[in-house]
Amino acid sequence: MSQSSNNIVSRAVIVEKLGNPAEVAKVYNVSLGDLPENKVLVQALVSSVNPVDNLIIAGLFPVPFLAQDFSTIKENSSQTKVNGTIPGGEGIGKVIKVGQNASVAMNGTLKVGDWVVPMDLGVYGTWADYYHADPKALVVIKNKTGLTPESLSSITINLPTAYGLLKDIIPLKAGEYIIQNGANSEVGKYIIQMAHVWGIRTVNVIRDRSNYKALENELKSLGADIVIKDTEIKSDETVKLLSSLDAPIKLAINCVGGNSAILLADHLCEDGTYVVYGSMTGEDVPVPYPYLVAKNISFRGFKIFRLYEKNPVNVWMERWDDIMNLIREGKIQKTSTHLVKWESFGEVYGSMTGEDVPVPYPYLVAKNISFRGFKIFRLYEKNPVNVWMERWDDIMNLIREGKIQKTSTHLVKWESFGEGSVETLQKKVQDAITSTSKVSFVFN
Ligand SMILES: NC(=O)c1ccc[n+]([C@@H]2O[C@H](COP(=O)([O-])OP(=O)(O)OC[C@H]3O[C@@H](n4cnc5c(N)ncnc54)[C@H](OP(=O)(O)O)[C@@H]3O)[C@@H](O)[C@H]2O)c1
């Protein structure tokens, strides 16, 4: 747009009320007004469109809707007010002007020309040509060598998500396998590339399509070891292939949800881990009891923003530096860019929908609750007798010291069942057991 740095008119997407993104996200020309002294003027270089943006706009993601008045300019130059928010939680911008009393950025000083990554824009999201940003919520990319704004466009969300899924959930050794669905998503492709760099092998599940072979080849060219159609995940051929690998599949990574997603767990090794980081179907993952109790699979969630909420900036900058080095060295590349031009915004954005996110998903992803199973016989199956005798000794000491007592015993004497044939006694025993199912029985 036309710009002296004092009179910026910026194209921006504004959402006035939550709802179907295709209907409520509209493009306006916004007059930014004077730059507040404590802010910096940023020009957007690239702004990502992530699935989570849809969920936020649809009101399906737990963030507050903080609307503000924007001064918008119509074709005939008349001004009007629009009350809403600008979406977009990720992007790379360039500093155009620094307010007189602007503070330093999150990771140090900031000057005109710097590339910055907005971490919290409030009502100003990244889906705009220009925005006023609080420097305390900006990270400066100090070393731009070997990087482009496009290569960094997922530095806040998808790149560190792939990194965190491979590094933070369980320790994975070179040679071991992970299995993931939605493997052709942007996160999925970064997982393939990073795993390849670290020697971790990948089994990648994707939906069937007319150009399946081409996509399979693309994923293999990124470093995928095995690619499978989701419709084949239970086939004899797949079971044979995955059960004869020379190393265990230790981690399942799911961004799809629903009944098909749990099938990843069929191929996990005993004691494996299943992590949920997305739900493209909007469906919960039903967890069968035997996976938890017999196979001892742990269910975990992952949310990238936890990295930023729980750690100081230097911790996550170290991680970003690792990722930026992988980009510089050409070891990971961006393959999923779909460039949205303002002119085609309606067409592209109109095709995106937000789906419902059921309750258990936030337990895993937002609240980071882990779901585990417990089976006492694992103690006996997996350990020599001296290990569990130690535990029994501890318990027996607690009993000896009177610290725990048996309170649920229902003493059943044979006499109390009276006389009768074996069949009659058996019936009486069964009745007694069902009627007092919550107590343990001791036959005496
Ligand atoms: N927890 C976190 O911190 C975190 C961070 C980043 C991303 N995420 C989540 O991760 C997921 C992927 O993000 P992204 O940006 O990488 O996505 P993306 O590039 O837009 O890819 C979307 C993927 O979902 C698949 N998909 C869409 N609808 C599906 C359905 N109904 N059934 C099965 N597969 C379906 C697509 O496969 P097709 O090609 O077959 O359509 C594609 O593989 C999203 O759910 C996102 O919210 C979470």
Side-chain angles (χ1 to χ4, degrees), residues 21 47-58 60-63 87-91 153-169 180-194 204-212 214-216 218-219 222 224 227-231 233 253-264 275-285 300-310 316 319 323 332 334-340 348-349 351-358 361-369:
S47 302
S48 304
V49 176
N50 286 305
V52 72
D53 295 313
N54 294 328
L55 294 177
I56 292 173
I57 296 169
L60 298 172
F61 201 79
V63 291
E90 187 176 43
S153 59
S154 299
I155 192 69
T156 319
I157 299 181
N158 284 351
L159 277 162
T161 293
Y163 190 106
L165 286 166
L166 291 171
K167 289 276 189 193
D168 296 342
I169 307 298
Q180 66 162 335
N181 59 17
N184 63 319
S185 66
E186 182 172 58
V187 174
K189 286 178 179 175
Y190 284 138
I191 287 175
I192 291 171
Q193 297 179 79
M194 288 180 192
N204 300 281
V205 182
I206 55 174
R207 291 200 285 187
D208 200 3
R209 64 202 67 225
S210 56
N211 63 345
Y212 175 83
L215 182 56
E216 179 185 12
E218 184 198 338
L219 298 185
L222 294 174
V227 181
I228 294 171
K229 290 179 194 163
D230 63 347
T231 46
I233 193 162
I253 303 177
N254 159 44
C255 72
V256 170
N259 288 330
S260 72
I262 194 59
L263 298 177
L264 296 181
V275 62
V276 176
Y277 75 99
S279 175
M280 289 304 302
T281 56
E283 284 169 23
D284 185 24
V285 183
R300 297 275 306 271
F302 178 91
K303 182 180 79 161
I304 189 57
F305 283 95
R306 187 164 298 111
L307 174 70
Y308 308 124
E309 287 156 15
K310 304 279 182 199
W316 36 278
R319 186 157 285 203
I323 294 172
I332 51 172
K334 186 160 185 81
T335 57
S336 299
T337 308
H338 181 83
L339 206 61
V340 182
V348 172
Y349 204 60
S351 68
M352 304 175 87
T353 58
E355 285 188 70
D356 195 16
V357 181
Y361 175 76
Y363 284 174
L364 283 164
V365 175
K367 230 172 155 183
N368 201 29
I369 295 175

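Both ligands and their constituent atoms are indexed starting at 1 by order of listing. For clarity, every value in this text was computed on a predicted model and none was experimentally measured.
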For [X] and [Y], work out which heavy atoms get closest and say how close.
X      : Y      : answer
Gly188 : Tyr277 : N-OH, 4.3 Å
Ile169 : Arg300 : O-NH1, 3.5 Å
Ser154 : Lys334 : OG-NZ, 2.9 Å
Asn259 : Glu283 : N-OE1, 4.2 Å

Nearest candidate to [atom], where distance is taken over non-hydrogen atoms, out of [options]:
atom                    : options                : value
atom 39 (O) of ligand 1 : Ile253, Asn254, Asn184 : Asn184
atom 16 (O) of ligand 1 : Asp230, Leu307, Val187 : Val187
atom 28 (N) of ligand 1 : Arg207, Arg306, Gln180 : Arg207
atom 25 (C) of ligand 1 : Lys189, Lys303, Met280 : Met280

Ligand-residue contact atoms, ligand 1 with [X], heavy atoms, under 4.0 Å:
X      : value
Ile157 : 5 (C), 6 (C)
Ser279 : 45 (O)
Gly182 : 43 (O)
Asn158 : 6 (C), 7 (C), 14 (P), 15 (O), 16 (O)
Thr281 : 30 (C), 31 (N), 32 (N)

side-chain contact (heavy atoms from CB on, under 4.5 Å), paired with Ile253, selected from Val187, Asn181, Leu165, Asn204: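 The side-chain contact (heavy atoms from CB on, under 4.5 Å) with Ile253 is passed solely by Leu165 among Val187, Asn181, Leu165, Asn204.
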Among Val275, Val276, Leu307, side-chain contact (heavy atoms from CB on, under 4.5 Å) partner for Phe302: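 Output: one option passes, namely Val275.
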Any Gly188 heavy atom less than 4.0 Å to ligand 1: no
Arg209 touching ligand 1 at heavy-atom level, < 4.0 angstrom: yes
Test: Asp168 and Arg306 ion pair at under 4.0 Å: no
Intermediate values then yes/no, side-chain contact (heavy atoms from CB on, under 4.5 Å), Ile155 and Ser153: CA-CA 6 Å; Ile155 192 69; Ser153 59; over 6 Å; no
Contact partition for Ile304 relative to ligand 1, non-hydrogen atoms under 4.0 Å: both
For Phe305, all residues meeting ring-ring contact (aromatic ring centres under 6.0 Å, His included), sequence neighbours excluded: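 With sequence neighbours excluded, Phe305 shows a ring-ring contact (aromatic ring centres under 6.0 Å, His included) to Tyr308, given in chain and number order.
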Within-cut-off N or O pair, Phe302 and ligand 1, under 3.5 Å: yes
